[in-house]
Amino acid sequence: MLAFTRSVGLVGINAFQVDVEVDLTRGLPTFTIVGLPDNAVKESRERVQAAIGNTGFSLPSKKLTINLAPAGRKKEGAAFDLPIAVGLLAASGFIPIERAARYAYLAELALDGTLRPVKGVLPMAAGLQVQGIDGFIVPSSNAGEAAIASPVPVFPADNLEQVSLFLQGLGNLKEAEETDLVQNMELNVADFSEVKGQQQAKRALEIAAAGGHNVLMIGPPGSGKTMLAARLPGILPPMSREEAVETTKVHSVAGLLPEGQALVTNRPFRAPHHTVSTPGLAGGGSNPRPGEVSLAHNGVLFLDEFPEFKRGALEVMRQPMESGMVIISRSSASVELPARFMLVAAMNPCPCGYLTHPAKSCNCTASQVQRYLGKISGPLLDRIDIHLEVLPVPRNELSEPRLSGETSNVIRERVTAAREIQRKRFQSVVGVHCNAHMTSTLTRSHCALDSSGRKLLDTAAARFGLSARGYYRTLRVARTVADLESSSSVNSSHIAEAVQYRALEKDYWV
Ligand SMILES: Nc1ncnc2c1ncn2[C@@H]1O[C@H](COP(=O)(O)OP(=O)(O)OP(=O)(O)O)[C@@H](O)[C@H]1O
Ligand SMILES: [Mg+2]
């Protein structure tokens with residue numbers, strides 16, 4: 001007897017349909033799985049047999065062959081347990097073969113037949129093919145995620161018994177409803193009002209958050225760099241549904257979605273330690289796992305103590321910072337993962353840290369300083385739109401109660417308004433959500449300058465030695481400055497502000 005069911009496999013975050021063929025013939029009782037299964041798939045043999053037995057069915061002692069097609073693609077993980085079990089029940093005559101074939105299935109099976117949640121359900125649901133499929137059967141705790149992206153109705157189930165009763169037409173499975181995109185802004189982050197003074201730094205971070213620009217903060221120890229960065233999540237604009245789905249795909253594949261949460265609704269804020277490995281940052285492994293650059297997709301990647309990161313790890317960020325994608329090469333194929341993040345980096349100006357301190361003296365030699373700064377390569381620096389010097393706030397100002405500034409909520413409102421303008425601007429452009437994502441063509445068309453603006457930018461570009469990339473990045477920052485003022489055109493005052501954020505490079509990196 002031959003039966004067949006459907007399932008989905010993943011390469012990175014891209015899904016492909018898997019047809020599970022189950023053949024039952026007379027012969028020595030064996031149980032074979034073919035079609036490039038990894039170890040977890042091979043072990044499903046034991047789980048499936050136990051689960052079927054404990055659900056009350058007894059499989060005939062025959063030769064069982066399971067083929068996962070297409071045979072040329074690697075199948076990973078335990079999610080094929082359920083489609084294999086259903087295929088076996090159909091081939092053994094317990095459930096109608098035609099009905100079993102009309103659904104797609106994903107779930108790991110516990111030995112007692114309970115359906116266990118699996119990773120990557122959202123991208124798998126998004127990749128389902130509609131043709132010939134009436135529904136998608138998944139474990140209950142994955143149902144929310146599946147319903148967001150599935151083109152066919154999603155039926156959550158708790159155990160193999162429910163699934164078999166449903167397929168036999170003896171029981172019902174309730175269709176999952178799509179959860180609303182809840183903005184759970186219960187963010188437990190500290191507030192910007194706690195930062196005294198630092199008006200320029202706050203302004204720069206507001207611009208960065210509004211347009212998604214990269215920022216580098218340089219300053220002596222204790223000047224408040226980490227403190228400022230830690231408050232960024234509180235002023236980031238909400239994610240659009242499209243962005244939330246993109247980000248959730250990555251988190252789902254990495255198995256980082258909290259139990260019961262279908263969508264990542266807050267922008268990610270990833271702050272890996274400087275000892276992070278290159279694969280940890282960029283992603284990798286034989287079964288490619290998203291790295292920090294991908295987990296920060298549509299959010300912030302905060303690299304504190306920037307020069308302490310391994311040079312190799314920093315350099316791999318060059319490509320995603322430009323293209324918004326990271327390519328992980330494996331022996332079999334290369335996998336592309338989204339990695340469009342806003343880089344926020346913080347560093348001291350020299351090894352001792354006090355080079356720019358107003359009161360303390362620095363005891364580093366000029367060559368030590370150069371070597372330290374040299375850890376940040378030119379190409380990397382060129383990809384950072386906003387360079388910001390953070391100097392300590394004078395002690396008397398720290399205790400001044402009147403100096404506590406705006407709250408994060410107030411800043412966030414302005415940021416959100418500016419991002420809304422950008423959302424409308426890029427409505428018809430796929431994959432571009434904010435000014436920082438503009439291509440050079442888009443930059444030219446949305447940042448047209450008058451003659452005084454152009455002159456100012458040209459002069460600054462010559463003076464600071466801006467590359468073509470730096471030139472366009474400055475224009476994009478100016479666009480965001482204009483958006484924060486709801487100005488439709490970019491004028492010379494916007495350019496003037498944007499340009500000053502590139503002035504530091506020349507002071508430090510000579
Ligand atoms: N502007 C400020 N307002 C209020 N508190 C401040 C301010 N600047 C610094 N502080 C206090 O100083 C502490 C140290 O700041 P922070 O850790 O951000 O320094 P840093 O610039 O990251 O230093 P390092 O280079 O050593 O990492 C903060 O936790 C905060 O308590
Ligand atoms: Mg710090």
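As the structure lists them, so they are numbered: ligands from 1, and atoms in each ligand from 1. The analysis underlying the following values was restricted to heavy atoms, covering all of them including side chains, and did not include hydrogens, waters or symmetry mates.
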Nearest heavy atom to atom 26 (O) of ligand 1: which of P349, P221, P394 does it belong to?
P221
Can a side-chain donor-acceptor contact be found between N491 and S493 if the only test is distance below 3.5 angstrom?
yes
Here the atoms of ligand 1 under 4.0 Å from any heavy atom belonging to V195 are 1 (N), 3 (N)
Between V393 and ligand 1, is there a nitrogen or oxygen pair with a distance under 3.5 Å?
no
Do we see a donor-acceptor contact under 3.5 Å between the side chains of T407 and N409?
no
Test of proximity, T226 against ligand 1: N or O pairs below 3.5 Å:
yes
Closest approach of any protein heavy atom to atom 9 (C) of ligand 1, naming residue and atom
G222 O, 3.3 Å
Consider only side-chain N and O atoms of E406 and S193, and report whether a donor and an acceptor are under 3.5 Å apart.
no
List ligand 1 atoms under 4.0 Å from E305, heavy atoms only on the residue side.
27 (O)
Any atoms of ligand 1 less than 4.0 Å from a non-hydrogen atom of Q198? List them with their elements.
1 (N)
Do the side chains of N214 and I386 get nearer than 4.5 Å, heavy atoms only?
no
Side-chain donor-acceptor pair present, T248, E145, cut-off under 3.5 Å
no
Passing candidate, side chain to side chain contact (heavy atoms under 4.5 Å, CB included) with F136, options P156, S150, S7:
S150
Should one rank K225, M347, M227, E194 by closest heavy-atom distance to atom 25 (O) of ligand 1, which comes out on top?
K225
Nearest non-hydrogen contact with atom 8 (N) of ligand 1 belongs to which option: G405, A346, S223?
S223
Considering G224, P220, A229 one by one, which has a heavy atom nearer to atom 15 (O) of ligand 1 than any of the others?
G224
Classify the side-chain pair T474/R502 by whether it contains a donor and acceptor separated by less than 3.5 Å.
no
Short of 2.8 Å from the Mg ion (ligand 2), name each protein N/O/S atom, waters not counted.
T226 OG1
For atom CZ of R463, is the number of surrounding heavy atoms from other residues, nucleotides or ligands below 6.0 Å larger than 12?
no
Is the count of non-hydrogen atoms from other residues, nucleotides or ligands lying under 6.0 Å from E308 atom CD greater than 12?
yes
Please confirm whether H387 and Y508 have ring centers closer than 6.0 angstrom.
no
Without hydrogens or angle criteria, can the side chains of H213 and T480 be said to hold a donor-acceptor pair below 3.5 Å?
yes
Can you see whether E243 engages H297 through a side-chain donor-acceptor pair at a distance of less than 3.5 angstrom?
no
Are D483 and R425 close enough for a salt bridge, meaning some N to O gap below 4.0 Å?
yes
Does atom 13 (C) of ligand 1 have a protein heavy-atom neighbour under 4.0 Å away?
no
Under a 4.0 Å heavy-atom limit, does N348 contact ligand 1 with its side chain, its backbone, both, or neither?
side chain
K196 heavy atoms, cut-off 4.0 Å: which ligand 1 atoms fall inside?
1 (N), 2 (C), 3 (N), 4 (C)
Would you say atom 20 (P) of ligand 1 touches the protein, meaning some protein heavy atom is under 4.0 Å from it?
yes
Looking at ligand 1, does M217 have a heavy atom less than 4.0 Å from it?
no
